[in-house]
Amino acid sequence: MHRLRHHAALASSRLLVRDNQRITALARAGDVAAARRVFDAMPRRDAVSWNALLTALWRAGRDLPAARSLFDDMPSRNVISWNSIIAGCLAHGDLAAASAYFARAPRRNVASWNAMLAGLVRLGSMEDARALFEQMPERNVVSYTTMVDGLARCGEVASARELFDAMPTRNLVSWAAMISGYVDNNMLEEARKLFEAMPEKNVVACTAMITGYCKEGDLQNARRLFDGIRAKDVISWNAIISGYVHNGLGEEATKLYIIMLREGIKPDHATLIALLTACSSLALLRQGRSTHAVVIKAMLESSISICNALMTMYSKCGNVDESELVFMSLKSQDIVSWNTIIAAYAQHGRYQKVIALFHEMELCGLIPNDITFLSMLSSCGHAGRVDESLKLFDLMSSKYAISPRAEHYACIVDILSRAGQLEKACSYIKEMPSEAEKNVWGTLLCASQTHGNVQLGELAAKMLVLSDFESSGAYVMLSNIYAAAGMWSEVNRVRSQMKEKGVKKQPGHSWTEIADKVHMFVGGDASHPEMDMILSELRKISFHMQIVTDKTQMMEELAQECG
DNA sequence: TTAGGGTTAG
């Protein structure tokens, strides 16, 4: 009888453990409803069962209210229950609720403090995080690493390093956090030194370094490091693939993607975004479409960021209508979606549509940001709307409290320069908060050439050369300006300066994809076997483009007049 | 409880 009872108790506790494990497994797979069913059907539950469901509700189910009400119903709570509800509130950005639970918790361990610390860091409240860190009764490697990461993320790399050096013990996570902190703050040399000093290099640290090399355009070292990783995971693949994409090597990125698939790594949504970005920058519509098919197969069409990348791809491949279809297919659009669709129409010269979208966006309750204004300004520029662009520029700061960045000034300078209002353009450059960037002077120099303004041309070229000695374009344009004005001795002076400094002009190039073959065109190169035909076709196209542009402008103006 | 990749402009 005694033995029988003992067996029954053993079986029941085995069942309990099994059910608890099932709840956790189902939650990990994202099926909260099934986890809840298992929980409801359990003959006996312990603290582990309650805690497992609690975490499942806010993490996999993203349902904080449900988690909070379960927490209230719990027959008893241990420190893990309290830590879970605190972490849940923080994961949902509810700092106030998290702090309230933290204050009410009858017992706190290092993990409770660490959870609060991580929450504060994630929300960017570094001052509060620092205060909490100082207050902690006990700190472990996690507490220190969280602080190192947080400090580096808000740009305080030196303090981060100081703390890193002061840590009583460090683990792989601490090293990776510090290295990635350097990479995020564009301190590759420091990152590299620390990486070399790392006693044991793992895939995370390697991936951070790969990102760093890619940021510097050093794909050779990035690739060498990548090839050396034994256990490559999807994130390291994404780092190298997107590295190639952002350095204009979309083809290499695509090749790597194929290898990745062959090695049995399943692409995730970051992989697909990188691929779509490659298609956008190379205008590969066919490949873009097939990537769209992969997105559908992977059931990622409801992801906003994927759709935003799809929209860009279609638009850059010349297909605004499909871009808009994707936009409409979204259940809810975020600021990036709106910026993307506005940019799409801006790039296609549809000024009136851009304005309409801008108003529609506001009606939907979204506040335009600095990037929205860049698209708007660029659209004004293409449509030659000088007055409207100046109004928008003012509106930016007066109504939306966005301070214009160098890029916004660059737009305005570009618009004014094209319109021949060079003096006014120059006054905007002088108004710029930071020192005028290279491209702003470049714009002015370019305009000085078209409008034959020697004085401003000289000024712009001087500024350009001061900021960048390699700037071959500046010399060429300045010499053209002098030549147009008949100032031949000045022309000779610039030419000999170029020779002295060994400046060489980088030829411009473009490419197009026809029937799976990429054709490259380089400025001044007429070696293509069908050059005559290409040129005559180009003349036809530019003739048609002018007609279409005029027609579009007429239609839009007509539509505006009709209200 | 801590670390790596990922959408918009130019």
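The analysis underlying the following values was restricted to heavy atoms, covering all of them including side chains, and did not include hydrogens, waters or symmetry mates. In what follows, chains carry the letters A, B, and so on, assigned in the order in which the sequence lines appear, proteins first and then strands, with residues in each chain numbered from 1. The structure displayed is predicted, hence computed values, not measured ones.
- When each of dA3(B), dT8(B), dT7(B) is scored by its nearest atom to the side-chain atoms of Thr340(A), the top-ranked nucleotide is dT8(B).
- At a threshold of 4.0 angstrom between heavy atoms, the contacts of Ala343(A) are confined to the sugar-phosphate backbone, with no base atom among them.
- Remark: the Asn202(A) side chain and the dA3(B) base include a donor-acceptor N/O pair separated by less than 3.5 Å.
- As rounded to whole Å, 18 Å separates atom P of dG5(B) from atom CG of Leu275(A).
- For residues 313-331 of chain A, the set of pairs meeting the salt bridge (Lys or Arg N to Asp or Glu O under 4.0 Å) definition, not counting sequence neighbours, comprises Arg289(A)-Glu322(A), Glu324(A)-Lys353(A).
- Checked against the 6.0 Å centroid criterion, the rings of Tyr345(A) and Tyr351(A) do not qualify as a close aromatic pair.
- For dA3(B), neither phosphate oxygen OP1 nor OP2 lies less than 4.0 angstrom from any side-chain nitrogen or oxygen of Thr207(A).
- The CZ atom of Phe133(A) sits 19 Å away from the P atom of dT1(B) (whole-angstrom rounding).
- Distance from the side chain of Ala176(A) is smallest for dA3(B) among the nucleotides dT2(B), dA3(B), dG5(B).
- Residues from residues 300-309 of chain A with heavy atoms under 4.0 angstrom of DNA chain B, sorted by number: Ser305(A), Asn308(A).
- Contact between the side-chain N/O atoms of Lys232(A) and the OP1/OP2 oxygens of dG5(B) is not found at any separation under 4.0 Å.
- For Ser378(A), whose side chain is taken as the heavy atoms from C-beta onward, the closest listed nucleotide among dA9(B), dG4(B), dG10(B) is dG10(B).
- Residue Ile371(A) is in base contact, counting any heavy-atom pair closer than 4.0 Å across all strands shown.
- For dA9(B), neither phosphate oxygen OP1 nor OP2 lies less than 4.0 angstrom from any side-chain nitrogen or oxygen of His382(A).
- Between the C1' atom of dT8(B) and the CZ atom of Phe373(A) lies a distance of 15 Å, rounded to the nearest Å.
- Using a 4.0 Å heavy-atom distance criterion, Val148(A) is classed as making no nucleic acid contact.
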Identify all side-chain donor-acceptor contacts of residues 179-187 of chain A below 3.5 Å with residues at least two apart in sequence or on another chain.
residue: Tyr182(A); atom: OH; partner: Arg161(A); partner atom: NH1; Å: 3.1
residue: Asn185(A); atom: ND2; partner: Ala152(A); partner atom: O; Å: 3.0
residue: Asn185(A); atom: ND2; partner: Gly181(A); partner atom: O; Å: 2.8
residue: Asn186(A); atom: OD1; partner: Lys215(A); partner atom: NZ; Å: 3.1

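- Side-chain contact annotation: Ser84(A) with Thr55(A), donor-acceptor N/O pair under 3.5 Å present.
- In this structure, Lys201(A) atom NZ and dG4(B) atom C1' are separated by 16 Å, rounded to whole Å.
- Checking dA9(B), dT8(B), dG5(B) against the side-chain heavy atoms of Lys316(A) singles out dA9(B) as nearest.
- Geometric assessment of Arg108(A) against the ring of Phe102(A) yields a positive cation-pi assignment under the 6.0 Å and 45° thresholds.
- Of the candidates dA9(B), dA3(B), dT1(B), the closest approach to any side-chain atom of Asn114(A) belongs to dT1(B).
- Taking 4.5 Å as the limit, some side-chain heavy atom of Ile412(A) sits within range of a side-chain heavy atom of Leu416(A).
- Nearest to the side-chain atoms of Thr211(A) among the listed nucleotides dG5(B), dA3(B), dA9(B) stands dG5(B).
- Ring centers of Trp113(A) and Phe133(A): at least 6.0 Å apart, outside the cut-off.
- Proximity of the aromatic rings of Phe226(A) and Trp237(A) is defined here by a centroid distance below 6.0 angstrom, and this criterion is met.
- Note: CG (Leu374(A)) to P (dG10(B)) measures 7 Å, nearest angstrom.
- Among the nucleotides dT1(B), dT8(B), dG5(B), the one closest to the side chain of Asp268(A) is dG5(B).
- Arg130(A) has a carboxylate O that lies under 4.0 Å from a charged side-chain N of Glu156(A), or vice versa, which qualifies the two as a salt bridge.
- Between Arg139(A) and dT2(B) there is no side-chain polar atom (N or O) within less than 4.0 angstrom of OP1 or OP2.
- Close to dT1(B), at under 4.0 Å from its OP1 or OP2, lies a side-chain N or O of Arg59(A).
- Arg170(A) comes within 4.0 angstrom of nothing in the nucleic acid, heavy atoms only.
- Contacts of His408(A) with the nucleic acid, taken as non-hydrogen atoms under 4.0 Å apart, are absent.
- Contact between the side-chain N/O atoms of Ser236(A) and the OP1/OP2 oxygens of dG4(B) is not found at any separation under 4.0 Å.
- Side-chain proximity of Val142(A) to dA9(B), dT1(B), dG4(B): nearest is dT1(B).
- Which of dT2(B), dG4(B), dA9(B) sits closest to the side chain of Thr146(A) comes down to dT2(B).
- Across the protein-nucleic acid pair, Leu117(A) atom CG and dT1(B) atom C1' stand 9 Å apart, rounded to whole Å.
- Between Phe373(A) and Phe393(A), the distance from one ring center to the other does not fall under 6.0 angstrom.
- The CZ atom of Arg192(A) sits 21 Å away from the P atom of dG4(B) (whole-angstrom rounding).
- In this structure, Ser337(A) reaches neither bases nor backbone, as no heavy-atom distance under 4.0 Å exists between it and the strands shown.
- dG5(B) atom P lies 13 Å from atom CE of Met209(A), rounded to whole Å.
- Taking 3.5 Å as the limit, the base of dG4(B) and the side chain of Asp233(A) contain a donor-acceptor pair of atoms between them.
- Nearest nucleotide to the side chain of Ala118(A), out of dT2(B), dG5(B), dG4(B): dT2(B).
- In terms of phosphate contacts, Gln333(A) brings no side-chain nitrogen or oxygen within less than 4.0 Å of OP1 or OP2 of dT8(B).
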